[in-house]
Amino acid sequence: MYRTHHCGELRKEHAGRKVKLAGWVDSRRDHGGLVFIDLRDREGVTQVVFDPSSSPQAAELSHELRSEFVVQVEGEVSPRPEGTANAQLPTGAIEVRAANILVLNRSGALPYPLDDTSVNEDLRLEYRFLDIRRRLMQSNLHQRHRVVKVIRDDLDEKGFWEIETPILSKSTPEGARDYLVPSRVHPGLFYALPQAPQQYKQLLMVAGIERYFQIARCFRDEDLRADRQPEFTQVDLEMSFPSQEEIFALVEGMMRRIWKEVLGMTLPEEFPQMGYRQAMDRFGSDKPDTRYGMELGDFTEVFRSSSFKIFAGAVQAGGVVKAINVKKFADVTTGQIEQLTEMAKSFGAKGLAWIKVEGGEWKSPIVKFFSDCERQSLSKNLNVEEGDLILFAAGEWRASCEILGRLRMHLAELLTSQGKLSIDPKAWNFLWVKDFPLFMKDPETGRLAAMHHPFTRPHPEDEQKIETDPMGVRAQAYDIVLNGVEIGGGSIRIHEAALQKKMFKALQIPDETVQEQFGHLLKAFSFGAPPHGGLAIGLDRLVMLICGASSIREVIAFPKNARAQDLMSHSPSPVESKQLRDLQIEIKKK
RNA sequence: GGAGCUGUAGCUCAAUUGGUUAGAGCACCGCCCUGUCACGGCGGGGGUUGCGGGUUCGAGCCCCGUCAGCUCCGCCA
């Protein structure tokens, strides 16, 4: 037996006990005579003392110890001498007086200090096995485990069955780029790794499972971000005979339980809901961060016949004029204005109109065109005060909202760093965003595309408009947003073959393609498919927020870097030419 | 594909306006140290300043190119 206790366990009441501990040398303090080491395992740290007067052999050996050696220590638990207890440490009242020590394994000099948080991330990723020894990473992975445990318990109690679906599945043209897996048995044919178990979970509903969930690994071959990895984990769930409100209540209950059991916090009984249109109008985002204000104001009517032709022109072209009030930022520099303008342009704006309110005056290149009435409307609706900076966007509705929405996010970060805006670090602002449009215009082809996915059910009131006014059709689709991060989304699905066909028609997907790609689904829908719906929660993002981390890489044991490489195992990598021959694949030389 | 930031010892950083032998703390090695807990003290080793080119009497610093990392846009729910 390697150990009788773990390193976070021993207390005063164990005094006098003979114990064995095993773990890593966290730090050593070698006094020449007395030697102290902090022995660490997953559960904590215990001080071990080597005294040459009681155990000369162990004391002699202890000089050899270095950081991260793995050792086994045998000794007696002893209360620390008067005045030497360490109140910072749960085990700080005692120490283990070593009678014997066994070095189970040595460690080379570390490539970087494990107690330093500001180390290059590529180095941390290369030595991930060391990185995960750090207390913070251990805590993050433990939190993740606890979240998943609560989710499984919660869904189990609510009658959901955990069912696995294939990883080797079928490529579909919709959505993200697929990761492909070549078939050896069928040369020239490919499996695709699932972007989500979407079709399978709908088929499970047709199959009468009624309530399904899966902690599902999903794959998307797109460029990475701080909150996007090529492989990530979804809590995927689907239920039969649901209403949208039932799904909301289910997820709210799950979140409440996670916050209770993992963070010890109580969340509200109901989460607020907001329509997509309102979210865009007020926050310029379909995942608004409602922890701070800076809401968008609408001045379309005010400037309809303004003498400022840029605004009036935008309105007459069917567009809008929107503005935000950036509080306390009238001291913005010319350089910063330029930077904001560049940013607005990169989001599709033609320029960025602004007003500084300084010394009781409105300083701006455009304000001379404004009538008193226009000024009053701005002043009143944006609550304009001394020291404010007003920013405008004019043009097409969605683009104008998005431009200001992105500036709003950027400025919130900037103002926070300047101490001009404070966001409650303990705030957990959940929000349901619902009534998304069913369709969007594909900017490349100009054709309709599914906003969520092609199986999304239209809002019952709008179903008739699919052929006549598709862009005006709302979907029974919803996202759950936490502090401005989209942590999940889903929809009520189409369960009738006829409606599904209508949908494919609106999307201009040719019949042969429909049969080829989705024939099995349509066939399933013709055999008594129940009404069904569900959603998927991005587990990595959820845990990231719970851990207060700024990247999902901090809550994934072995993540990939921004170029989709694993720096530790060096994947992706070349393969043997025999492997390629088996697959009948040839690599084109550049 | 595009933009921004970063790149100096194993790690974290410094190096005045372009100026002599590129420094410090930690880590590593050696010696000393019996109540430390980021122990302390003395000494030592360790550098192609990411790489290539240019300007200059002289480049870590300026210019051009390139590579790498991160963040964002595009892309992606």
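- Among the nucleotides C37(B), G69(B), G35(B), the one closest to any side-chain atom of Asp122(A) is G69(B).
- The residues Glu222(A) and Arg177(A) are annotated as salt-bridged, a charged nitrogen and a carboxylate oxygen being separated by less than 4.0 angstrom.
- Not one side-chain nitrogen or oxygen of Arg124(A) sits closer than 4.0 Å to the OP1 or OP2 atom of G69(B).
- C62(B) sits 32 Å from G45(B) when the P atoms are compared, rounded to a whole Å.
- Counting non-hydrogen atoms under 4.0 angstrom, Ala477(A) reaches nothing in the nucleic acid.
- The distance from atom CZ of Arg493(A) to atom CZ of Arg457(A), rounded to the nearest 0.5 Å, is 12.0 Å.
- Separation of the C1' atoms belonging to U16(B) and G10(B) is 29 Å when rounded to the nearest angstrom.
- Salt-bridge formation is not detected for the pair Glu396(A)/Arg398(A): no Lys NZ or Arg NE/NH1/NH2 atom is positioned less than 4.0 Å from an Asp or Glu carboxylate oxygen.
- For G74(B) and G4(B), the C1' atoms lie 15 Å apart once the distance is rounded to whole Å.
- Here the nucleotide nearest the side chain of Arg563(A), chosen from U12(B), A68(B), G35(B), is A68(B).
- Between G10(B), U12(B), A77(B), one nucleotide has an atom nearer to the side chain of Pro111(A) than all others, and that is G10(B).
- The CD atom of Glu231(A) sits 16 Å away from the C1' atom of C76(B) (whole-angstrom rounding).
- Here A77(B) is the nucleotide among G35(B), A77(B), U34(B) with the atom lying nearest to any side-chain atom of Met451(A).
- Using atom C1' as the reference point in both A14(B) and G7(B), the two lie 15 Å apart (nearest Å).
- For Gln195(A), whose side chain is taken as the heavy atoms from C-beta onward, the closest listed nucleotide among U12(B), G35(B), A77(B) is A77(B).
- The base of G74(B) is paired with the side chain of Arg225(A) by a donor and an acceptor separated by under 3.5 Å.
- The residue Gln47(A) sits close to a base: some heavy atom pair falls under 4.0 Å.
- Base-pair partner of C29(B): G43(B) (Watson-Crick or G-U wobble, both distances under 3.5 Å).
- Donor-acceptor pairing under 3.5 Å, judged by distance alone, is present between the side chain of Arg228(A) and the base of C76(B).
- Put simply, His31(A) rests on the base of C39(B): the two rings are less than 5.5 Å apart at their centres and nearly parallel, under 30°.
- A 3.5 Å limit on both hydrogen-bonding distances identifies G54(B) as the Watson-Crick or G-U partner of C62(B).
- Look at the C1' atom in both C64(B) and G1(B): the space between them is 22 Å, to the nearest Å.
- In this structure, Ser67(A) reaches neither bases nor backbone, as no heavy-atom distance under 4.0 Å exists between it and the strands shown.
- Counting distance only, with no hydrogens placed and no angle test, the side-chain atoms of Glu95(A) and the base atoms of G35(B) include a donor-acceptor pair under 3.5 Å.
- A salt bridge links Arg97(A) with Asp51(A): the distance from a Lys NZ or Arg NE/NH1/NH2 to an Asp or Glu carboxylate oxygen falls below 4.0 Å.
- In terms of position along RNA chain B, the nucleotide closest to Ala109(A) lies nearer the 5' end than the nucleotide closest to the other residue of the pair Arg177(A) and Ala109(A).
- At a threshold of 4.0 Å, the pair Asp223(A)-Arg228(A) does not count as salt-bridged, since none of the basic side-chain nitrogens sits closer than that to a carboxylate oxygen.
- Across all strands, Arg553(A) comes closer than 4.0 Å only to sugar-phosphate atoms, never to a base (heavy-atom distances).
- The gap from the C1' atom of G47(B) to that of A9(B) amounts to 6 Å, rounded to the nearest Å.
- Listed candidates were A77(B), C28(B), C70(B). Nearest to the side chain of Asn561(A) is C70(B).
- Not a single donor-acceptor pair, N or O on each side, falls under 3.5 Å between the base of G74(B) and the side chain of Arg406(A).
- Comparing U34(B), C70(B), C76(B) against the side chain of Ala176(A) picks out C76(B) as the nearest.
- If you take atom C1' in A22(B) and the same atom in C61(B), they sit 12 Å apart, rounded to whole Å.
- The pairing partner recorded for A24(B) is U12(B), the criterion being a Watson-Crick or G-U wobble arrangement whose two distances lie under 3.5 angstrom.
- Comment: Asp115(A) does not engage Arg135(A) in a salt bridge, judged by the lack of any side-chain N to carboxylate O separation of less than 4.0 angstrom.
- Among the atoms of the strands shown, base atoms are found under 4.0 Å from some heavy atom of Arg80(A).
- Ring stacking holds between Phe36(A) and U36(B), with the centres under 5.5 Å apart and the planes within 30 degrees of each other.
- The residue Pro81(A) sits close to a base: some heavy atom pair falls under 4.0 Å.
- Nucleotide A3(B) forms a pair with U71(B), judged by Watson-Crick or G-U wobble geometry with both contacts under 3.5 Å.
- Here Leu123(A) lies in heavy-atom contact (under 4.0 Å) with sugar-phosphate atoms only.
- Between the base of C37(B) and the side chain of Arg28(A) there is no donor-acceptor pair shorter than 3.5 Å.
- Arg144(A) pairs with exactly one of Asp540(A), Leu542(A), Ile546(A) by the side chain to side chain contact (heavy atoms under 4.5 Å, CB included) rule, that one being Asp540(A).
- Side-chain to base pairing of Asp223(A) with G74(B): one donor and one acceptor N or O lie within less than 3.5 Å of each other.
- The C1' atoms of U66(B) and A24(B) are separated by 32 Å, rounded to the nearest whole Å.
- Comparing atom distances between the Asp30(A) side chain and each of C37(B), C29(B), C33(B) picks out C33(B) as nearest.
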